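One structure is given here, and the rest of the page talks about it.
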Amino acid sequence: MMKDLCVPIPGFGDSEQAEITLNYKGSKRTINYRVESFLWDSDEDLFPEGDEVSISLARIERLKKAIRDYNKDWELIQIFTPSENAGSIQVLYRKKIII
C-alpha cells in the first residue's frame with residue numbers, strides 16, 4: 001500500500017511553509033510541511049585541516065545536531081542534496097499528525 005505522495009510545488013524556497021488539505025475516502029486531513037535551511041558551507045576557522053574528509057564530517061555533525069535539536073512537533077521527511085559550494089542545506093519537515 002502506498003503511504004506517501006510526492007507533490008511538486010514550483011518555487012518553494014528556503015524556510016517556507018506549505019499547508020496541504022487531503023481528501024481521502026470522504027475524510028479531510030490538513031498536513032503542514034516546512035522547509036528549513038541549515039548552515040552547510042565550510043568555515044576555514046572551524047576546519048583548520050582543510051581536507052575534504054574533515055570538512056564533510058564536520059558538516060554532517062553540524063547537520064545532525066540541527067536535526068536533533070529541531071522542534072519535536074515536526075518530523076524529518078527529506079534532506080535535499082546541496083549544490084556544489086552551497087552555503088546552506090535544505091531539510092523538509094512534516095508536522096506530526098496526531099490521530
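On a predicted model such as this, the values are computed, not experimentally measured, just so you know.
- Atom CZ in Arg59 sits 7.5 Å away from atom CZ in Arg62 (nearest 0.5 Å).
- Annotation: the span from Asn71 atom CG to Glu36 atom CD amounts to 9.5 Å, rounded to 0.5 Å.
- To the nearest 0.5 Å, atom CG of residue Leu63 and atom CG of residue Leu39 are 10.5 Å apart.
- Taking every heavy atom of both residues into account, Lys72 and Ile67 meet most closely at NZ-O, 4.5 Å.
- Other residues, nucleotides and ligands place more than 12 heavy atoms under 6.0 Å from the NZ atom of Lys96.
- In the hydrophobic clustering of ILVMFWY residues, with side-chain heavy atoms under 4.5 Å counting as a link, Trp40 and Leu76 come out together.
- Note: Asn32 CG to Thr21 OG1 = 8.5 Å, rounded to the nearest 0.5 Å.
- For Ile31, the side-chain contact (heavy atoms from CB on, under 4.5 Å) partners are Leu22, Arg29, Tyr33, Arg94, Ile97, not counting sequence neighbours.
- When every heavy atom of Pro82 is checked against every heavy atom of Ser88, the shortest pair comes out as CB-O, 4.1 Å.
- Remark: Lys28 NZ is loosely packed, at most 12 non-hydrogen atoms of other residues, nucleotides or ligands lying under 6.0 Å away.
- To the nearest 0.5 angstrom, Gln90 atom CD is 11.0 Å from Gln78 atom CD.
- Taking CG of Asn23 as the reference point, atom NZ of Lys25 lies at 14.0 Å (rounded to 0.5 Å).
- Contacts classified as ring-ring contact (aromatic ring centres under 6.0 Å, His included) and involving residues 52-94 (residues at least two apart or in different chains) are given here: Tyr70-Tyr93.
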